[in-house]
Amino acid sequence: MVARKRKRAERDAESLPSPPGYSAIPIKFSEKQQACHYLYVREHRVREGTNSAWPQKRTLFVLNVPPYCTEGCLSRLLSPCGSVQSVELQEKPDLTESPKEPVSKFFHPKPVPGFQVAYVVFQKPSGVSAALALRGPLLVSTESHPVKTGVHKWISEYADSVLDPEALRAEVDTFMEAYDKKIAEEEAKAKEEEGVPDEEGWVKVTRRGRRSALPRTELASLRVLEREKRKRAHKELLNFYAWQHRETKMEHLAQLRKKFEEDKQRIELMRAQRKFRPF
């Protein structure tokens, strides 16, 4: 009965229409599952004369990877084809054809909740050929290698989220050492090229040698804040809102009343001095 089901699954896999240039590999989450999920695989290639982050002829590109299929699961499923060097899951295909920096064990983005793509690197090119000819269905979760789901998966993810302080400090120190070394090399290179003309006779002007910024005093800080306040007031839209119209009219009436009172006082003063001659 089991052999009959396996042959039927193989026939379905062979008759399943695959995207052009891809081979279909049926997988099932467990033995109890009846329906198969299909991975679409092909050899990873790039244009001639371009660099790639993945080694040529040893990298298998995998599409339609389900969320429950982790990097460890893919490595175990494809290990019969040959020794697997590395497996990396991504949200979408990597279009940058340049070497990638190593992924940190602590500082990494959140996992993608949906289907993903994978890059599987084998030790030898024969592993890719064997994977393209692979037939299933393959089981993701077995008794010897069960895949955690539900509450057990949440507990495992929470336990993995608790970081080791010493390991984290060691990785941060290593990163900072590499960063300081890179900055020192760039500064040394810029200092060597300073004042040296290029092939066309142009001299590159850098920011080296400029006076360092002086510490800002309290009075200077107030001047900067006042300047920013004037800039914001200049950029504000005048008479744009209804309340701005009302406030403008009220301020205009207040100024007219103030001017009227000042004129009355001036006229009274001139009358008292008998200098008021209306005619």
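The structure presented is a predicted model; accordingly, all values stated were derived computationally and were not measured. This chain uses plain numbering: 1 for the first residue, then up along the sequence.
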Nearest 0.5 Å, please: how far is CG in L138 from CZ in F29? 14.5 Å

What's the shortest heavy-atom distance between Q56 and H44, and which atoms? OE1-O, 3.9 Å

If you look at every heavy atom in Q34 and K28, which pair is closest and at what distance? O-CD, 4.1 Å

Here the gap from S126 atom OG to K57 atom NZ, rounded to the nearest 0.5 Å, amounts to 13.0 Å

Are V172 and T174 close enough, and set up right, to give a side-chain contact (heavy atoms from CB on, under 4.5 Å), and what steps lead you there? CA-CA 5 Å; V172 171; T174 304; over 6 Å; no

Without placing hydrogens or testing angles, list every side-chain donor-acceptor pair under 3.5 Å for residues 64-82, not counting sequence neighbours.
unit_1, atom_1, unit_2, atom_2, d
N64, ND2, H37, NE2, 3.3
N64, ND2, Y38, O, 2.9
T70, OG1, C73, N, 3.4
E71, OE2, L89, N, 3.3
R76, NH2, V140, O, 2.2
S79, OG, R76, O, 2.8

Charged N to carboxylate O below 4.0 Å: is that the case for R169 and E166? yes

V41 vs I25, side-chain contact (heavy atoms from CB on, under 4.5 Å): CA-CA, chis, key distance, verdict: CA-CA 8 Å; V41 298; I25 301 177; 3.9 Å; yes

Decide salt bridge (Lys or Arg N to Asp or Glu O under 4.0 Å) for K259 and E262; before the verdict, give the C-alpha distance in whole Å, the side-chain angles of both, and the deciding distance to 0.1 Å. CA-CA 5 Å; K259 188 176 180 181; E262 290 177 353; over 6 Å; no

Drop me the distance from S23's OG to R42's CZ, to the nearest 0.5 angstrom. 11.0 Å

With distance as the sole criterion, is a donor-acceptor pair present between the side chains of E88 and Q90 under 3.5 Å? yes

L60 vs Y119, test: side-chain contact (heavy atoms from CB on, under 4.5 Å). Steps then yes/no. CA-CA 6 Å; L60 184 72; Y119 292 88; over 6 Å; no

Inter-residue atom distance Y22.OH - E43.CD, 0.5 Å rounding: 12.0 Å

So how far is it from D180 CG to E185 CD, rounded to the nearest 0.5 Å? 11.5 Å

Joint hydrophobic cluster, F260 plus M250, side-chain heavy atoms closer than 4.5 Å: no

Would L39 and L139 show up in the same hydrophobic cluster when neighbours are defined by side-chain heavy atoms closer than 4.5 Å? no

Working to the nearest 0.5 angstrom, can you tell me the gap between I27 CD1 and Q33 CD? 8.5 Å

Measuring only between side-chain heavy atoms, which start at C-beta, is V121 closer than 4.5 Å to V84? no

So, does E228 use its side chain to make a donor-acceptor pair with the main chain of V224 at under 3.5 Å? no

Give the C-alpha distance, both sets of side-chain angles, the deciding distance and a yes or no for side-chain contact (heavy atoms from CB on, under 4.5 Å) between V128 and T59. CA-CA 7 Å; V128 177; T59 304; 5.9 Å; no

Hey, is the main chain of F122 close enough, under 3.5 Å, to the side chain of R58 for a donor-acceptor pair? yes

Check for me, please, whether V147 and V151 land in the same ILVMFWY cluster - side-chain distances under 4.5 Å, paths through other members count. no

